[in-house]
Amino acid sequence: MSYTVNAKEQEISAGAEDSVLFTANRPNIVMERGEGMYLWDTAGKTYLDFSGGWAVTSLGHSPSVVQDALKQQSAALIHSSPSFYNKPMLQFAKLLTDITCFDKVFFGSSGAEANEAAIKLARKYGAAKLNGAYEIITLTNSFHGRTLATMSATGKSQWDGLYAPKVPGFRHVPINDLDACFAAINDNTCAIMLELVQGEGGVHIVDQSYLQTLRKACDVYGILLIADEIQTGIGRTGRMFAYEHYGVEPDIMTLGKGIGGGFPLSAMLTKKQFDLFEPGDQGGTYCGQPLAMAVGRAVVQEVINRRLDHHASVQGNYLAGQLHRLSGSLGLSNIRGMGLLAAFDLHAPVGAELAARCLHKGLIINSPSPYVIRLMPALTVTSADIDNMLNILKEAYKELSIAAS
Ligand SMILES: *Cc1c(COP(=O)(O)O)cnc(C)c1O
């Protein structure tokens with residue numbers, strides 16, 4: 001069999017999607033190109049992306065900073081080996097410890113991998129300092145990833161029976177309910193792990209007093225506070241990290257999504273007193289991989305240079321204000337969010353239908369559950385982009401069966 005490339009290389013044979021293992025209902029669209037706030041499919045149709053590649057493309061699609069970092073680093077070194085330091089790894093780790101309250105960074109490729117590292121570190125800590133305590137308290141309606149342990153940590157009722165048996169050692173308690181959390185703490189607890197703004201769960205915000213009290217309880221019991229900032233980190237909430245809004249320092253923080261601007265990259269950060277892994281305990285072939293390190297460093301430096309955290313706060317306020325103006329005519333309620341992680345409720349369970357109609361009109365939005373629409377555009381979004389999005393949303397809303405009511 002020969003693999004010669006010819007003029008037809010650009011064509012995709014009919015039915016090629018049958019070769020992709022089914023895991024999700026995907027629309028009959030093939031994405032081909034991206035730039036800034038926009039994506040283009042193979043038919044040339046344009047889409048305004050208010051899902052931001054699922055809260056990932058923090059600098060917009062195919063930003064030149066990421067292209068340049070990839071070009072330069074790929075010419076120098078694509079991969080050395082997990083057994084050596086490399087230059088961008090050291091530079092990027094230093095940058096992250098400089099801009100956070102943490103001293104140590106472990107790198108991975110996906111958010112779930114960073115959370116696995118956090119879970120392992122908490123269990124290592126429990127084994128070393130808390131007589132083998134291994135339970136981790138997490139929140140109902142949370143999302144922590146799709147490996148077996150992170151699915152077990154996740155508080156999603158739809159997953160309850162899936163892939164049994166689950167990894168033991170996770171207790172789920174409702175958000176902002178201190179009594180429930182205190183009732184769950186016992187001699188076997190080693191950590192509390194939570195998102196400060198629940199993203200996949202529909203944008204639910206942890207109260208300041210709740211988090212501050214959890215911090216104190218963790219100190220009293222000697223257990224770890226783990227902030228999953230995979231969705232909220234790197235400017236998304238209007239501060240560089242969501243924990244900065246709370247006046248609370250977690251013991252462990254995980255980052256993913258926006259940190260790579262689209263390149264697969266994640267990180268787990270902790271303080272020096274929790275630097276507990278011994279050789280062989282933790283690692284991975286691509287942990288600290290040079291290309292990912294160079295891209296992550298360029299993305300984070302760009303967010304800092306352009307003050308995109310501040311920009312996210314300003315544009316998030318503009319978005320919230322415009323949504324409030326439309327709330328009466330579109331029947332929106334419970335408009336909520338932090339920075340550019342925003343959501344609102346619909347007055348009927350038509351989220352999927354509304355998202356599909358928007359897609360048809362060239363707008364990508366996300367409906368995490370039937371009554372909820374979530375928006376998480378690139379941090380570079382402008383007021384004009386927000387106005388464009390709302391115009392399409394209004395048009396799509398008019399076509400809904402509920403609109404007449
Ligand atoms: C997306 C997400 C994850 C999982 O990240 P992956 O890169 O999909 O493994 C974990 N936690 C939160 C809060 C997320 O939003």
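What you are looking at is a predicted structure, and each value in this text was computed from that prediction instead of being measured. In listed order, ligands and their atoms are each counted from 1.
- Between the side chains of Ser157 and Asp160, no donor-acceptor pair of N or O atoms lies under 3.5 Å.
- The side-chain heavy atoms of Leu121 and Met268, taken from C-beta on, include a pair separated by under 4.5 Å.
- Across all their heavy atoms, Glu195 and Gln198 have their closest contact at OE1-CA, 3.5 Å.
- The two residues Ala378 and Gly60 come nearest to each other via the heavy atoms CB-N, 3.6 Å.
- Of the possible polar contacts, none joining the Thr42 side chain to the Glu32 backbone as a donor-acceptor pair under 3.5 Å is found.
- The salt bridge (charged side-chain N to carboxylate O under 4.0 Å, His left out) analysis of residues 34-46, with sequence neighbours excluded, yields the pairs Arg33-Glu35.
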What are the distances between nitrogen or oxygen atoms of ligand 1 and protein nitrogen or oxygen atoms, counting only those under 3.5 Å?
{"residue": "ligand 1", "atom": "7 (O)", "partner": "Gly111", "partner atom": "N", "Å": "2.8"}
{"residue": "ligand 1", "atom": "9 (O)", "partner": "Gly111", "partner atom": "N", "Å": "3.3"}
{"residue": "ligand 1", "atom": "9 (O)", "partner": "Ala112", "partner atom": "N", "Å": "2.7"}
{"residue": "ligand 1", "atom": "11 (N)", "partner": "Phe143", "partner atom": "O", "Å": "3.2"}
{"residue": "ligand 1", "atom": "11 (N)", "partner": "Asp228", "partner atom": "OD1", "Å": "3.4"}
{"residue": "ligand 1", "atom": "11 (N)", "partner": "Asp228", "partner atom": "OD2", "Å": "2.7"}
{"residue": "ligand 1", "atom": "15 (O)", "partner": "Gln231", "partner atom": "NE2", "Å": "2.8"}
{"residue": "ligand 1", "atom": "15 (O)", "partner": "Lys257", "partner atom": "NZ", "Å": "2.6"}

